[in-house]
Amino acid sequence: KDPAPRPPLVLAAASTQEAMTEAAEAWAAQGHLKPTLSFAGSGALARQIATGAPADLFVSADSRWMDWVEGNVSLRHGTRDIVATNTLVLIAPKDSDAAFPEGGDWAKALDGGRLAIADPVAVPAGRYGKASLISIGAWDEVKDHVAQTADVRAALALVSRGDAPLGIVYGSDAIADEGVKVVGRFPDESHAPITYPIAIPDRSTATDAEGFRKFLLSPEGQSIFEKYGFGPPPLSGEPHEAGDAASGDEEPEA
Amino acid sequence: MSFDIDLSVPRGRRTISVRIAPAAGITALFGPSGIGKTTVLDAVAGLVRPTSGHVRIGEATLFDAAAGIALPPEKRGCGYVFQDGRLFPHKSVRNNLLYGWNLVPEDRRFINLGEATEFLGIGALLDRSVRHLSGGEAQRVAIGRALLSGPRALLMDEPLSSLDADRRDGILRVIERIRDDLALPILYVSHDRAEVDRLASQVVELS
Amino acid sequence: MSFDIDLSVPRGRRTISVRIAPAAGITALFGPSGIGKTTVLDAVAGLVRPTSGHVRIGEATLFDAAAGIALPPEKRGCGYVFQDGRLFPHKSVRNNLLYGWNLVPEDRRFINLGEATEFLGIGALLDRSVRHLSGGEAQRVAIGRALLSGPRALLMDEPLSSLDADRRDGILRVIERIRDDLALPILYVSHDRAEVDRLASQVVELS
Amino acid sequence: MLSPAEWAIVGLSLKVAAAAIVLTLPIAFALAWLLARKRFYGRMLLDTLVHLPLVLPPVVTGWLLLLFFGAGGWGGRTLQALFGTTLMFRWTGAALAAGIMALPLMVRAIRLSLEAIDTRLETAARTLGASPLRAFASITLPLALPGIAAAVVLGFARSLGEFGATITFVSNVPDETRTLPLAIYTALQVPGAEASVTRLAIASVVLSLAALLVSEWLVRKGGRSYVL
Amino acid sequence: MLSPAEWAIVGLSLKVAAAAIVLTLPIAFALAWLLARKRFYGRMLLDTLVHLPLVLPPVVTGWLLLLFFGAGGWGGRTLQALFGTTLMFRWTGAALAAGIMALPLMVRAIRLSLEAIDTRLETAARTLGASPLRAFASITLPLALPGIAAAVVLGFARSLGEFGATITFVSNVPDETRTLPLAIYTALQVPGAEASVTRLAIASVVLSLAALLVSEWLVRKGGRSYVL
Ligand SMILES: Nc1ncnc2c1ncn2[C@@H]1O[C@H](COP(=O)(O)OP(=O)(O)OP(=O)(O)O)[C@@H](O)[C@H]1O
Ligand SMILES: Nc1ncnc2c1ncn2[C@@H]1O[C@H](COP(=O)(O)OP(=O)(O)OP(=O)(O)O)[C@@H](O)[C@H]1O
Ligand code: MOO
Ligand SMILES: [Mg+2]
Ligand SMILES: [Mg+2]
């Protein structure tokens, strides 16, 4: 076998950075080789895996990209799971007195400003956000007043600095930034389930990858995700997400 | 009108000093290579700044170290034929010739493009780039450019060095006419004794 | 050894043709400005390509249109003193002078740095940049550079045009010695009748 | 070929890149001239500042722009107070971001050309009666033309490709700040949208090829006509 | 000051940028020389190709590199077969990405210098016995020094700032491909990490200032010593 054991290379969506970093440290503290973590957008990581990059674990923020990877390279059988879920919230700057515009008076709530939201085409958070807005009947009103950002953190930063009066981000993002407050949570039914799929590519050679994957799914790993505002995997998804079955979170519109 | 020059210019480790008393006509600067002839012309034209002394043309003071006067080159009206040509490489022969002509008030012009190209023999070159002129052709364009700028004095640094005897003679005759008709003061650098003897009313030997 | 030249070079709208029969010593090229003297030297040096004819030095054929021979410049061994100097601006005077000297086999050198700087009077300039040399200083460095490259023939395009009579005389004496002692064929362009009469065993008039 | 929406993106990109160049070129020239010709206290500092947008990750540049021109920033407040306008989420902001990213390239190209000019030609012009300004306009400027053309090509290409600073500073607003790179990025984030990515990338390449051709032609014309 | 981990990032960035320059400089020179001196069929095409990394969004360049040098790509397979190595997730891949992004800037700078050289100086060297190669080495090359120095500075700065192509091509692996911009990006993902972002950004600026100073000094020395 491998003469010098190599730590697993984990490609993880940037939005999981803090939780994954802490999890890797906790895992290493148990006497294992510390996993090497590479953070980038889910799409970039998926493409890297699809071209045959020697990655040992993929943590995606988007089930579509996991599906896409699965369609391009084989994943190790039985390793695809959901490691975490998330919620979608409306945020405002900390000192703002804005409230969730329940009655649909979004224009008033925005007051000429823009609604910061990750790109509804490119970024999962934006896609969920748009779906929710459509579902509660607000999309037509706000669609010309959105500021689309390249990722969720940029939307968060816009609100945090007061350059946008409102923003839609993940619950996990909102608790990480002291400059914003949550003014409301979008109902779970208003968007597809927000899941973080995890899987080991078949060509992985690191021995520890499966151990680390199990650790993430273990109560100890899950408590770390919870600490950073993520929710637990859905009960229906346990223990394994169906191998190549189309995942349930289809887009509300094409 | 005539030059009244007394100046000192530092050049590398040496200092070049010259005194030229007012004298009508052409003053020839004579002296071995590297002695400082070009430096003196540069100082008169305002391209290098003497440490002391003065430069006057007739009543006009171009430079006076003591009085703190130093006119910029464009205010001195010195038509300078450089030793190294310095034609504008991005302009045609015509536009090189007309460069100063277009800038000078009409009443100071004393020659026009046709006359200049005629006696310099460069009429056929007008639309060419100056990049591919022969040595003597470039020299003649440089002379024309200086004359057409309507100068109040001429500084000529070996203007005829690469011209044949016939051309030289023709141009010398024009210079003499300019000297006589317009009474322009002329500082003339040449190594050719015959040329100097023919032209100069005063020879200043640098050493 | 001597030149045997017969060539035609197109230049703009004209064609410049010249025939130079073999003759020992110095051949002077004479003719009005713009007639094509520099072009002929360029063709002999291999910098422009004639459309027809040949260039020979003694037994060696440098160029023969019919035979398809055209040696590159570095194989021709022609020491060329350009009309416009062409000193290397990024090198010191010394390194300009030694450029060809370092490239030529030892047995072809016929002068060394000390001798060259001596008769050219440029010993004090050796460590200076060539950018700020006076006109005549640059001309002397160019002559030295060509001689130090150990050429088998010399092409000199108005090499003395901006030098004073004394310098000129000293350099002419060296050229005569080179002609006599080394029997180098020399093509010499000058507008100075006296110079030509003194040096040349053959005068070729271009027209 | 391109869809109408894609044509609109190409049009927007052209507008942004053109505005960026028009805005930046005089500034780049002035900076290049200072750096090439003047020796002053703080010259190296200015040189470093000019290179800043090149060294910093584009996202950081965008972030600094956001801090400065955002609603709370000094520049943003000033613009709001003086003109009642903002650069945020506007194509003008995208042009500013593109211009700033292009600046170091443009300054360097112009500077190289300026440094290659023989200043004795300018003094020759002065002896012929040209004021410093006219000598500059008639001698320095045309002789710097190769560098200016290179600056325009480099700057235009850089503007067309600018992504990180733009999306950070002015976000990704369709028809306002969604230039070609942002549209390409958006498409790249969607699995299987490679066809659209390819079409848009080809549009970028064609635009820059056109810019190249125009600039080479201008330089050649400028070099041949001697009108300048 | 910087933490040990941050120093390691600075070291890695330097290594990547240095390798990128060393790799790219000769290629950039060759391309600049071709474009400046030769007229050949397909010249405009080559010129456009050279500009490509500038026009395309960096992410697209990274993606193309990924396609070509990935395990399935032609380049990746060749590297694997010939040297048993890969560029993926390796600092060598980061250097390649940085070098390719820097290429257009470097080519243009060198080309401007080459075009400003009076070719008659090279023919003068030939008449003094220099072969074309020696004339090139002793005349053309040193006279192109300002452009080469500018190319190194621009290329180095661009390499230090390169983000999009790198993260797309070789991911964001600590100690291997996490250069300064990627570290800054990573820090930016954590709210409140502005202090770390600022430190890393300042490190970038200091590095490029150092590069600037060294290059200006080299050019001035080269211009003064006449040794070249
Ligand atoms: N920038 C400079 N730095 C140092 N020395 C210089 C500079 N410019 C000129 N010199 C020197 O000053 C001296 C005078 O130069 P100048 O050009 O005035 O001579 P000149 O009399 O015109 O000679 P020539 O007849 O050869 O043209 C020369 O020795 C020259 O090398
Ligand atoms: N590249 C070129 N294109 C067109 N015409 C040219 C080119 N080079 C030179 N000429 C012309 O060819 C003619 C001959 O030039 P050449 O330099 O050989 O003259 P020359 O006899 O050396 O003159 P001078 O004594 O003035 O130096 C000139 O009229 C010149 O303008
Ligand atoms: O972590 Mo993501 O790929 O910005 O949703
Ligand atoms: Mg002189
Ligand atoms: Mg000639």
Side-chain angles (χ1 to χ4, degrees), chain D residues 43-45 47-49 51-61 63-64 104-105 108-113 115-117 146-147 150-151 153-154 156-164 168 179-185 188-189 194 197-198 200-201 204-209 211-213 216, chain E residues 43-45 47-49 51-61 63-64 104-105 108-113 115-117 146-147 150-151 153-154 156-164 168 179-185 188 194 197-198 200-201 204-209 211-213 216 219:
Chain D
R43 184 170 158 275
M44 283 309 292
L45 185 73
D47 202 3
T48 310
L49 275 177
H51 281 80
L52 221 54
L54 199 61
V55 199
L56 289 178
V59 177
V60 173
T61 306
W63 185 58
L64 292 174
L105 314 187
R108 211 28 120 135
I110 297 171
R111 185 173 158 191
L112 275 172
S113 260
E115 283 170 346
I117 294 176
V153 168
L154 285 175
F156 188 78
R158 184 71 186 81
S159 296
L160 276 184
E162 165 42 35
F163 167 73
T168 309
T179 52
L180 275 165
L182 273 66
I184 291 174
Y185 171 80
L188 262 180
Q189 300 306 307
E194 279 80 5
V197 171
T198 308
L200 293 170
S204 297
V205 175
V206 169
L207 282 185
S208 72
L209 174 63
L212 259 181
L213 286 171
E216 297 255 340
Chain E
R43 183 170 160 275
M44 284 308 292
L45 185 74
D47 203 1
T48 310
L49 275 177
H51 282 81
L52 223 54
L54 200 60
V55 198
L56 290 178
V59 178
V60 173
T61 306
W63 182 52
L64 293 175
L105 315 186
R108 212 25 122 135
I110 298 172
R111 185 173 157 190
L112 276 172
S113 260
E115 282 170 347
I117 293 176
V153 169
L154 285 176
F156 188 78
R158 184 70 186 82
S159 295
L160 276 184
E162 164 42 35
F163 169 73
T168 310
T179 53
L180 276 165
L182 274 68
I184 290 174
Y185 165 81
L188 272 177
E194 277 81 5
V197 171
T198 308
L200 293 170
S204 297
V205 175
V206 169
L207 282 185
S208 70
L209 174 63
L212 258 182
L213 287 171
E216 297 254 342
V219 169

Exercise. Of all heavy-atom pairs between D:L154 and E:P104, which one has the smallest distance, and what is that distance?
Worked result: CD2-O, 4.3 Å
For this session: Would you please test D:L105 and E:L105 for side-chain contact (heavy atoms from CB on, under 4.5 Å) and show each step?
Result: CA-CA 7 Å; D:L105 314 187; E:L105 315 186; 3.5 Å; yes
Exercise. How long is the gap from CH2 on E:W63 to OH on D:Y185, to the nearest 0.5 Å?
Worked result: 14.5 Å
Exercise. Among E:L160, E:L54, E:T48, E:V59, which residue forms the greatest number of heavy-atom pairs with chain D at distances under 4.5 Å?
Worked result: E:L54
Exercise. For the candidates D:D47, D:V60, D:T179, which exhibits the highest count of non-hydrogen atom pairs separated by less than 4.5 Å from chain E?
Worked result: D:D47
For this session: Identify the two heavy atoms, one from E:I184 and one from D:P57, that lie closest to each other, and give their separation to 0.1 Å.
Result: CD1-CG, 3.7 Å
For this session: Hey, could you give me the NE2/CZ distance between D:H51 and E:R158, rounded to the nearest 0.5 Å?
Result: 13.0 Å
Problem set entry | Contacting moiety of D:A109, where chain E heavy atoms sit under 4.5 Å | both
Exercise. Does some side-chain heavy atom of E:L207 sit less than 4.5 Å from a side-chain heavy atom of D:V55?
Worked result: no
Problem set entry | chain D contact via E:L213 - which portion, at a heavy-atom distance below 4.5 Å | both
Problem set entry | Point-to-point distance, once rounded to the nearest 0.5 Å, from CG of D:L52 to OG of E:S208 | 6.5 Å
Exercise. What heavy-atom pair brings E:L112 and D:S113 nearest, and what distance separates the two atoms?
Worked result: CD2-OG, 4.1 Å
Exercise. In terms of heavy-atom pairs under 4.5 Å, which option from E:E115, E:R111, E:R108 contacts chain D the most?
Worked result: E:R108
Exercise. Considering only heavy atoms, which portion of E:A201 lies under 4.5 Å from any heavy atom of chain D: side chain, backbone, both, or neither?
Worked result: both
Exercise. Between CG of D:L209 and CE of E:M44, what distance do you get to the nearest 0.5 Å?
Worked result: 6.0 Å
Seminar exercise, completed: The interface call for D:L188 against chain E, heavy-atom contacts under 4.5 Å, is side chain
Exercise. Who wins among E:P53, E:S204, E:A211 for the most heavy-atom pairs under 4.5 Å with chain D?
Worked result: E:S204
Exercise. In terms of heavy-atom pairs under 4.5 Å, which option from D:L45, D:L180, D:V153, D:L49 contacts chain E the most?
Worked result: D:V153
